[in-house]
Amino acid sequence: MIPFLFQLALFFLPFTSIAGLPFLGESQHELSAHVFLLLLVLSVLPVLFYFRQAGDPVRTDRKIYALPQIMMIVMGVIALSFLPNVTSITSSVFMGRTGLEKYISSTILVLFGFSIAFLTYFVATLKSWDKLIVNPIAASVIVCAFFSFFEMIMRWTGGMSGVFHALASLVYSSEFPVLEWDPRLRSVAFEPPDFANTAGYMWPWVLSAVMFSRGAKRIAFAAIWLVLSGMILLSEARTSLVVIAGLVSVFLVLWFFLLPKVASRDPDKMLAPVIIVTLIAFPLILALLVLYYDQLIYNVIVGDRVSNLTRLASMTAAFRMFAEQPIFGFGFGQYAFHIKEFMPSWGYYSWEIRYWLMNEAGGWPASFSVYARFAADMGLLGLVMWVGVWLWLAWQLLTQTMIYRKLTGELPFPAYPLIMSCFCVLLAGVPCDSVRSPMIWVNMGLACRYLYDTRKHIRSIINPSQATV
């Protein structure tokens, strides 16, 4: 039952517009979060007892590589953000919520995410990875495409409106009505950018299935991958296209330089140049952004997209908070409680900003970027923690795969999508300020599981008498 429910949770990843259980907070509209919650309830005691008693090869008392340490680092930084801000957090009130309430709910969300990561760590060994991960994701793409077909027919021609609305009533709650005026593809998600972001997490796995399949299966996965890519383009989520562009870049570097499918060259010789180019490119992009920031503000203010103005103003407020308290920030989850104080005056040109900050029922203000949110909430410690964790995982995945390949001559199926997924999390953080997506934590659990298994296999080759890490 556990592997089946896990696959079901992955299948439901794009379904983010349900009514849901209110106590799940930020995750209440995500159908996959409810399935993961059921999984956790079912597995806490009976599954652990079964694995210990039945002699299953997946034992809960075996070493869990890196995941507990990552959890301690993340939770430690969250705790450190609380200590210097305890007075502010316990006294802040905004839209009927207290700072302490928001701190606790945000922390619980991260703990829920780590629970998914630990669950994934053990489930990943119960079945082959292609069946466990790729098959439910591919099935989900097919269902989303079926739904989106009627959506686009209705939007482009006005036809099949009745069929689409009947289908929409099954996946959209009353909080997310059909917006017939919006030409962007929304599919089964609550908004087009959210669908594009979720699809971005699925994209590397389907691409890897195309690479490692043969015959009819390769043709089928290629068709699914093309459909998924097409739906991302039709969502017209500009920031999500940045995610796909970044993933394509990572894929090309892996394919041609670091992990070519056919081992025709020594990847170690290419490692240093790739790192050097990356270290040069990132500061250059940041410098250009700072240099032309005022011009960017002007272009956004005079532009015709209020969403751009809202995003830029919200992120500017967050980084102003970062400049005020750069080390520890204002406390995890505290961004909204200080946004009025740090909102730039030009931000009020956005009716969305005015609606959020001047209306008690205006909705909770968003920072629109996990980097802006962490900078405001946890300062430099939060930024270094989040970026450091995923870059470290990507580095470990790459180096362990290189060693494994040298010893065995094989390139494991999960290597490409796992490395790409680490960068997907980092790239998706640019346009999205939440860590609620279950796929973030699934990727973390899968990465640690992969590192454990490959390290164990490498050790057994080097020293056959030693079968554990």
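Bear in mind that the values here come from a model prediction, so they are computed numbers and not experimental data. Positions are given from 1, in the same order as the sequence printed here.
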I want to check something: taking the side chain as every heavy atom from C-beta on, are [X] and [Y] in contact at a cut-off of under 4.5 Å?
X: Val435; Y: Trp441; value: yes
X: Met385; Y: Leu80; value: no
X: Leu13; Y: Ser32; value: yes
X: Val74; Y: Met71; value: no
X: Leu167; Y: Phe150; value: yes
X: Met439; Y: Leu10; value: yes
X: Leu109; Y: Ser27; value: yes
X: Leu397; Y: Leu451; value: yes

Identify the heavy atoms of [X] and [Y] that sit nearest to each other, and give their distance.
X: Met231; Y: Ser148; result: SD-OG, 3.7 Å
X: Gln28; Y: Pro22; result: OE1-CA, 3.6 Å
X: Leu393; Y: Cys422; result: CB-SG, 3.9 Å
X: Phe82; Y: Ile89; result: CD1-CD1, 3.6 Å
X: Ala19; Y: Glu175; result: O-OE2, 4.4 Å
X: Val171; Y: Ser17; result: O-OG, 2.7 Å

* Verdict with supporting geometry, Trp346 and Leu309, side-chain contact (heavy atoms from CB on, under 4.5 Å) -> CA-CA 9 Å; Trp346 49 266; Leu309 179 58; 3.7 Å; yes

With sequence neighbours left out, write down each residue that passes salt bridge (Lys or Arg N to Asp or Glu O under 4.0 Å) with [X], or none if nothing qualifies.
X: Glu324; value: none
X: Arg354; value: none
X: Glu191; value: none

Is the backbone N or O of [Y] less than 3.5 Å from a side-chain atom of [X], with the two atoms forming a donor-acceptor pair by type?
X: Thr399; Y: Gln396; value: yes
X: Thr16; Y: Ala189; value: no
X: Ser235; Y: Pro193; value: no
X: Ser161; Y: Gly158; value: no
X: Glu352; Y: Arg311; value: no
X: Arg218; Y: Met211; value: yes
X: Ser115; Y: Leu111; value: yes
X: Tyr172; Y: His165; value: no

Would you list the pairs meeting salt bridge (Lys or Arg N to Asp or Glu O under 4.0 Å) in which at least one residue belongs to [range], sequence neighbours left out?
range: residues 155-165; answer: Glu151-Arg155
range: residues 3-12; answer: none
range: residues 421-440; answer: Glu30-Arg436, Asp194-Arg436
range: residues 14-29; answer: Glu26-Lys102, Glu26-Arg373

Distance in Å, [X] [atom1] paired with [Y] [atom2], rounded so as to fall on 0.5 Å steps:
X: Gln325; Y: Phe330; atom1: CD; atom2: CZ; answer: 4.0 Å
X: Trp205; Y: Asn443; atom1: CH2; atom2: CG; answer: 6.5 Å
X: Leu391; Y: Phe423; atom1: CG; atom2: CZ; answer: 6.0 Å
X: Leu247; Y: Phe251; atom1: CG; atom2: CZ; answer: 11.0 Å
X: Ile104; Y: Leu100; atom1: CD1; atom2: CG; answer: 4.0 Å
X: Leu446; Y: Trp129; atom1: CG; atom2: CH2; answer: 4.5 Å

Parallel, tilted or perpendicular, judged at 30° and 60°: which one describes the rings of [X] and [Y]?
X: Tyr416; Y: Trp255; answer: perpendicular
X: Tyr103; Y: Phe332; answer: perpendicular
X: Tyr65; Y: Trp392; answer: parallel

* Begin with the C-alpha distance, continue with both residues' side-chain angles, and end with the deciding distance and a verdict on side-chain contact (heavy atoms from CB on, under 4.5 Å) for Trp356 and Ile339. => CA-CA 10 Å; Trp356 286 344; Ile339 187 174; 5.5 Å; no

Check side chain to side chain donor-acceptor pair (under 3.5 Å) between [X] and all other residues, then give those that pass, not counting sequence neighbours.
X: Ser437; answer: none
X: Trp203; answer: Ser229
X: Ser81; answer: none
X: Tyr450; answer: Thr401

* **is_close_aromatic(His34, Phe12), centroid dist under 6.0 Å** => no

* Asked: So, for Phe15 and Phe147, is the gap between ring centers shorter than 6.0 Å?
  -> no

* To do: Quick one: which residue pairs count as a side-chain hydrogen bond (donor to acceptor under 3.5 Å, both in side chains) with a foot in residues 69-78, not counting sequence neighbours?
  =>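 side-chain hydrogen bond (donor to acceptor under 3.5 Å, both in side chains) check on residues 69-78 returns no pairs.
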
* **Test side-chain contact (heavy atoms from CB on, under 4.5 Å) applied to Trp386 and Val77, step by step** => CA-CA 10 Å; Trp386 190 248; Val77 172; over 6 Å; no

* **Cation-pi check, Arg186 onto Phe176 ring (under 6.0 Å, within 45° of axis)** =>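 No, Arg186 and Phe176 do not form such a contact.
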
* **Cation over ring face, Arg97 and Trp364, 6.0 Å, 45°** =>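 Because its charged atom sits under 6.0 Å from the ring centre and within 45° of the axis, Arg97 does stack over Trp364.
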
* Step-by-step side-chain contact (heavy atoms from CB on, under 4.5 Å) determination, Asp377 to Ser367 -> CA-CA 11 Å; Asp377 285 358; Ser367 59; over 6 Å; no

